[in-house]
Amino acid sequence: MIVILKKTAERQQVELFENWLRSMGLELHKSVGENHTIIGLVGDTSRVDMESILALDIVETVKRIQEPYKNANRKFHEEDTVITLANGAQIGGGRFLVMAGPCSVETEEQIISVAQSVKAAGAQVLRGGAFKPRTSPYAFQGLHEEGIRLLLKAREATGLPIVTEIMDAKHLPLFEDIDMIQVGARNMQNFELLKELGKLRKPVLIKRGMANTLQELLMSAEYVMAGGNEQVILCERGIRTFETATRNTMDLSVIPVLHQLTHLPVVVDPSHATGRWELVAPMALAATASGADGLMIEVHNDPEHALCDGPQSLRPDRFAGMMEKVWAIQPYADRSFSSAVAFS
């Protein structure tokens with residue numbers, strides 16, 4: 001249920017109203033806009049009498065929300081969420097963010113070299129895997145703690161914030177200095193992990209599972225937000241279909257659909273979606289033109305000898321060429337939802 005208050009509502013009246021709602025065991029999600037204030041009611045609203053609320057002078061209207069996700073719902077929070085990172089880079093509400101780097105951290109020289117290259121080309125965040133979920137138990141699993149250490153060295157060398165994937169809640173102490181935590185497709189419905197991430201106050205990027213619906217993705221975001229962490233970014237990375245020409249099938253329709261359903265930023269990972277470096281740039285441009293709030297691109301200085309996902313990684317020069325085209329398109333991408341509420 002959401003309650004929209006009149007612009008003329010006085011602060012003391014609003015506070016009394018909020019206290020009354022809390023006395024019924026409800027949690028409140030408040031969004032203050034230029035023209036009105038929206039209060040989202042989370043909990044058992046079956047006991048709430050809509051007519052009694054509508055009778056109040058400060059209330060403009062009351063609506064019941066059927067979707068199971070409340071905090072992530074645009075109906076609760078009409079304005080786009082804007083997330084601000086340590087270097088001042090922002091995503092959401094028309095702010096476009098590019099995250100780039102290797103699939104896996106391999107050596108200090110490799111990660112710093114790639115970080116310098118992607119920064120020079122315009123990336124605002126360094127991506128890199130320290131913990132790698134692999135289908136085969138015999139494949140390279142990442143450098144773990146050493147990978148985290150090397151990522152922090154790359155941040156020190158370039159100033160780029162870091163996004164890297166977490167595999168298990170027990171690893172959270174290692175991520176204390178990481179700027180943005182990624183939840184991979186395989187962990188999208190690891191609900192105990194999502195609950196722990198909800199206790200943090202740093203951005204969490206959630207990738208859509210290979211066989212999950214958008215509602216399931218939004219419910220995963222809801223787990224994090226229900227814990228109090230509203231800094232959530234959604235990522236489309238391709239879904240599994242009958243097609244075998246590409247690694248996955250990239251579903252660009254989710255970008256405008258998610259913008260209708262939620263206020264959270266939406267990014268696209270064309271590297272994992274296609275699995276082929278020559279398809280990454282075309283799909284990155286398509287995602288940008290479709291209104292994505294950002295991109296996540298795999299870049300490696302020596303893809304042929306990469307320990308993980310070399311075939312889908314761009315060389316630094318190809319990434320730089322792609323970025324020139326992205327920035328040519330991005331200012332004209334659809335930014336229908338341009339209002340912003342910032343979390344920093």
Hphob cluster co-occupancy, Ile178 + Leu172, side-chain heavy atoms under 4.5 angstrom: yes
Quick check: is Met225 connected to Leu41 through a chain of hydrophobic side chains (ILVMFWY, heavy atoms under 4.5 Å apart)? no
Gln330 and Met323, any side-chain heavy atoms less than 4.5 Å apart: no
Taking NZ, NE, NH1 and NH2 as the nitrogens, is one of them in Glu165 or Arg127 under 4.0 Å from a carboxylate oxygen of the other? no
Say you draw a straight line from CG of Asn301 to CD of Glu109; how long is it, rounded to the nearest 0.5 Å? 7.5 Å
Does the side chain of Phe175 reach to within under 4.5 Å of the side chain of Thr164, using non-hydrogen atoms? yes
Whether Thr288 side chain and Val326 backbone form a donor-acceptor pair below 3.5 Å: no
With a 4.0 Å cut-off, would you call Lys30 and Glu18 a salt bridge? yes
Show the numbers, then the answer: is there a side-chain contact (heavy atoms from CB on, under 4.5 Å) between Val48 and Leu26? CA-CA 10 Å; Val48 179; Leu26 300 171; 3.7 Å; yes
Looking at Lys202, is its backbone amide N or carbonyl O close enough to the side chain of Asn229 to form a donor-acceptor pair, meaning the two atoms are under 3.5 Å apart? yes
Measuring from Arg247:CZ to Ser271:OG, what's the distance to the nearest 0.5 Å? 9.5 Å
With no hydrogens and no angle check, is any side-chain donor or acceptor of Gln13 less than 3.5 Å from a backbone partner on Glu10? yes
Partners of His263 by ring pair (Phe, Tyr, Trp, His ring centres under 6.0 Å), sequence neighbours excluded? His77
Heavy-atom count check: over 12 atoms from other residues, nucleotides or ligands less than 6.0 Å from Glu216 CD? yes
Side chain proximity check, His171 to His144, heavy atoms < 4.5 angstrom: no
Apply the test side-chain contact (heavy atoms from CB on, under 4.5 Å) to residues Leu234 and Val254: give CA-CA distance (whole Å), side-chain angles for both, the deciding distance (0.1 Å), then the verdict. CA-CA 11 Å; Leu234 306 175; Val254 306; over 6 Å; no
Does the salt bridge (charged side-chain N to carboxylate O under 4.0 Å, His left out) test come out yes or no for Glu278 and Arg318, once each step is laid out? CA-CA 10 Å; Glu278 68 270 24; Arg318 288 170 175 155; over 6 Å; no
Ile53 and Phe17: CA distance, side-chain angles, deciding distance, side-chain contact (heavy atoms from CB on, under 4.5 Å) verdict: CA-CA 9 Å; Ile53 294 178; Phe17 178 57; 3.9 Å; yes
Quick one: CD on Glu222 to CD1 on Ile206, what's the gap to the nearest 0.5 Å? 10.5 Å
Side-chain contact test, heavy atoms from C-beta onward, threshold under 4.5 Å: evaluate it for Thr84 versus Gln90 and give yes or no. yes
Non-hydrogen side-chain atoms of Val14 and Thr37 separated by less than 4.5 Å: no
Of all heavy-atom pairs linking Ala154 and Ile112, the shortest is CA-CG1, 4.0 Å
If you apply the rule side-chain contact (heavy atoms from CB on, under 4.5 Å), what do you find for Tyr223 with Leu193, and how did you get there? CA-CA 9 Å; Tyr223 263 92; Leu193 173 60; over 6 Å; no
How long is the gap from OG1 on Thr213 to CE on Met219, to the nearest 0.5 Å? 10.0 Å
With Asp269, the side-chain contact (heavy atoms from CB on, under 4.5 Å) member among Met99, Gln182, Lys207: Lys207
Take a 6.0 Å sphere around CZ of Arg22 and say whether it holds more than 12 heavy atoms from other residues, nucleotides or ligands. yes
Can Lys153 and Glu156 be counted as an ion pair, charged N to O under 4.0 angstrom? no
Nearest heavy-atom pair of Leu314 and Phe319: which atoms, and what distance? CD1-CA, 4.0 Å
Should Asp251 and Arg208 count as an ion pair when the cut-off is N to O under 4.0 Å? yes
Mind checking whether Val98 and Leu279 sit in one hydrophobic cluster, side chains of I, L, V, M, F, W, Y counted as touching below 4.5 Å? no
Any donor-acceptor pair under 3.5 Å from Thr262 side chain to Leu258 backbone: no
Check Leu264 against Ala221 and note the closest heavy-atom contact, atom names and distance. CD1-CB, 4.0 Å
Tightest non-hydrogen contact, residues Thr61 and Leu54, listed as CA-CD2, 3.8 Å
Can any side-chain N or O of Asp80 pair as donor or acceptor with the backbone N or O of Gly92 at less than 3.5 Å? no
Determine, using the 4.5 Å side-chain heavy-atom cutoff (strictly less than), whether Leu217 and Ile239 are members of one ILVMFWY cluster. no
Side chain to side chain, Asn248 and Thr274, heavy atoms closer than 4.5 Å: no
Taking the side chain from Arg155 and the backbone from Leu126, do they hold a donor-acceptor pair closer than 3.5 Å? no
Scanning both residues in full, the closest heavy-atom pair of Ile297 with Ala284 reads CD1-CB, 4.2 Å
Glu146, CD atom: more than 12 neighbouring heavy atoms under 6.0 Å: yes
Could you tell me the separation between the CZ atom of Arg149 and the CG atom of Leu174, rounded to the nearest 0.5 Å? 13.0 Å
Atom CD of residue position Glu243 - does it have more than 12 heavy atoms of other residues, nucleotides or ligands inside 6.0 Å? yes
Please give me the minimum heavy-atom distance between Asn87 and Gly159, naming the atom from each residue. CB-O, 3.9 Å
Counting only N and O atoms by type, is there a donor-acceptor contact under 3.5 Å from the side chain of Arg201 to the main-chain atoms of Gly198? yes
Got a sec, which pairs hit salt bridge (Lys or Arg N to Asp or Glu O under 4.0 Å) with one end in residues 50-69, sequence neighbours left out? Glu67-Lys75
Does any part of the side chain of Met296, heavy atoms only, come nearer than 4.5 Å to the side chain of Leu205, both counted from C-beta? yes
Could you tell me whether a side-chain N or O of Gln110 sits under 3.5 Å from a main-chain N or O of Ser104, the two making a donor and an acceptor? yes
Asp293 versus His259: any side-chain heavy-atom pair under 4.5 Å? yes
To the nearest 0.5 Å, how far apart are CD1 in Ile148 and CD1 in Ile162? 7.5 Å
According to a hydrophobic-cluster definition based on side-chain heavy atoms being under 4.5 Å apart (Ile, Leu, Val, Met, Phe, Trp, Tyr only), do Leu285 and Leu252 belong together? yes
Sequence-distant partners of Phe76, ring pair (Phe, Tyr, Trp, His ring centres under 6.0 Å), two or more places apart: none
Near Arg11 CZ, under 6.0 Å, is it more than 12 heavy atoms from other residues, nucleotides or ligands? no
